[in-house]
Amino acid sequence: MKLLVKNLCWNIKENHMKFHTRKWIKPEDLNANNSLFGERLLAWIDEEAALYAIIQLENQHVVTKYMSSINFMSSARVNDIIEIGIAPVKFGKTSLTLKCEVRNKMTRQTIITIDEIIMVNLGKDGQPKAHGKHRIEYVKDRLEAQSK
Ligand SMILES: CC(C)(COP(=O)(O)OP(=O)(O)OC[C@H]1O[C@@H](n2cnc3c(N)ncnc32)[C@H](O)[C@@H]1OP(=O)(O)O)[C@@H](O)C(=O)NCCC(=O)NCCS
């Protein structure tokens with residue numbers, strides 16, 4: 001019971017969104033309305049989710065399977081700086097569910113939220129493969145474990 005409570009606390013604490021990536025909005029990132037082009041933002045989010053999943057699952061063969069509805073709440077203009085946040089929601093058998101929030105550092109507004117991005121771990125045959133992961137792992141801890 002004590003262990004269960006400890007694990008639950010750990011999960012809640014560790015599920016906080018981490019904003020690892022910042023982007024500086026340039027003229028080539030704009031749409032005809034002179035605001036950030038949605039397609040560009042979705043490409044950055046997809047890349048960020050893939051990087052997160054590749055690092056967590058320790059496998060380069062990870063693909064985006066599903067994204068839940070996307071809510072563009074505000075935008076960004078040229079020279080704005082935005083930051084992309086990703087957090088794990090659930091470690092499945094072959095999948096990793098992530099959530100995402102993008103914020104505008106200048107206006108402090110949320111630009112977009114995505115509740116579910118499902119990444120699937122693949123084997124060499126291109127089919128879903130169990131990843132065997134159950135919680136977030138940090139490189140520091142992996143290195144410590146290796147040196148023991
Ligand atoms: C990814 C792919 C191999 C999955 O094949 P599949 O037959 O759907 O696989 P499964 O049914 O075994 O599902 C795999 C996992 O995804 C989850 N999943 C599949 N469809 C889902 C959906 N619509 N919503 C949520 N989760 C879903 C399953 O629950 C399962 O997770 P689990 O093992 O953790 O329980 C296949 O759909 C594919 O190749 N899609 C194209 C991916 C792609 O090219 N992406 C864009 C470029 S990165």
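These numbers come from a predicted model, not from an experiment. Counting convention: from 1, in listed order, for ligands and their atoms alike.
With a 4.0 Å cut-off on non-hydrogen atoms, Lys93 touches ligand 1 through its backbone as well as its side chain. The part of Ile118 lying near ligand 1 is the side chain, judged by heavy-atom distances below 4.0 Å.
Figure legend: Arg103 and Phe19 shown as a cation-pi pair, the cationic atom lying under 6.0 angstrom from the six-membered ring centre and within 45 degrees of its axis.
In this structure, atom 29 (O) of ligand 1 has no protein heavy-atom contact shorter than 4.0 Å. Shown here, atom 13 (O) of ligand 1 is out of close reach of the protein: none of its heavy atoms lies under 4.0 Å off. For atom 43 (C) of ligand 1, the nearest protein heavy atom lies under 4.0 Å away. The nearest protein heavy atom to atom 7 (O) of ligand 1 is not closer than 4.0 Å. Using a 4.0 Å threshold on non-hydrogen atoms, atom 3 (C) of ligand 1 counts as touching the protein. Protein non-hydrogen atoms do reach within 4.0 Å of atom 48 (S) of ligand 1. By the definition of a contact as any protein heavy atom under 4.0 Å away, atom 34 (O) of ligand 1 is in contact.
Protein heavy atom in closest approach to atom 15 (C) of ligand 1: Thr94 OG1, 3.2 Å. Protein heavy atom nearest atom 19 (C) of ligand 1, with residue, atom name and distance: Lys65 CE, 3.6 Å. The protein non-hydrogen atom at the shortest distance from atom 10 (P) of ligand 1 is Pro128 CG, 4.2 Å. Looking at atom 41 (C) of ligand 1, its nearest protein heavy atom turns out to be Thr64 O, 4.8 Å. Considering only non-hydrogen protein atoms, atom 23 (N) of ligand 1 sits nearest to Tyr66 CD1, 3.8 Å. Ranking protein heavy atoms by distance to atom 1 (C) of ligand 1, first place goes to Val63 CG2, 3.6 Å. Of the protein's heavy atoms, Ser95 OG, 3.2 Å lies nearest to atom 31 (O) of ligand 1.
A donor-acceptor pair shorter than 3.5 Å cannot be found between the side chains of Thr21 and Glu83. For the residue pair Glu116 / Thr97, no side-chain donor-acceptor distance below 3.5 Å is found, with atom types taken as modelled. Counting only N and O atoms by type, the side chains of Asn121 and Thr94 include no donor and acceptor under 3.5 Å apart.
Salt-bridge check for Glu137 with Lys133: passed, with a basic side-chain N closer than 4.0 Å to an acidic carboxylate O.
Considering every non-hydrogen atom in both Ile117 and Cys100, the closest pair reads CD1-CB, 3.9 Å. Residues His131 and Ser95 approach most closely at NE2-O, 2.8 Å, considering heavy atoms. Across all non-hydrogen atoms, the minimal contact from Asn104 to Ser75 is ND2-O, 3.3 Å.
Looking at residues two or more places apart in sequence or on another chain, you find no salt bridge (charged side-chain N to carboxylate O under 4.0 Å, His left out) involving Arg77.
Using a 4.0 angstrom heavy-atom cutoff, Leu122 counts as in contact with ligand 1.
Close contacts of ligand 1 with Val120, meaning ligand atoms under 4.0 Å from a residue heavy atom, involve 15 (C), 16 (O). Residue Gly92 approaches ligand 1 through these ligand atoms, each under 4.0 Å from one of its heavy atoms: 34 (O).
The backbone N or O of Glu28 lies less than 3.5 Å from a partner atom in the side chain of Arg40, making a donor-acceptor pair. When atom types are taken as modelled, the side chain of Thr110 and the backbone of Ile112 share no donor-acceptor pair closer than 3.5 angstrom. Judged by distance alone, with hydrogens and angles left aside, the side-chain atoms of Asn31 form a donor-acceptor pair with the main-chain N or O of Asn33 at under 3.5 Å.
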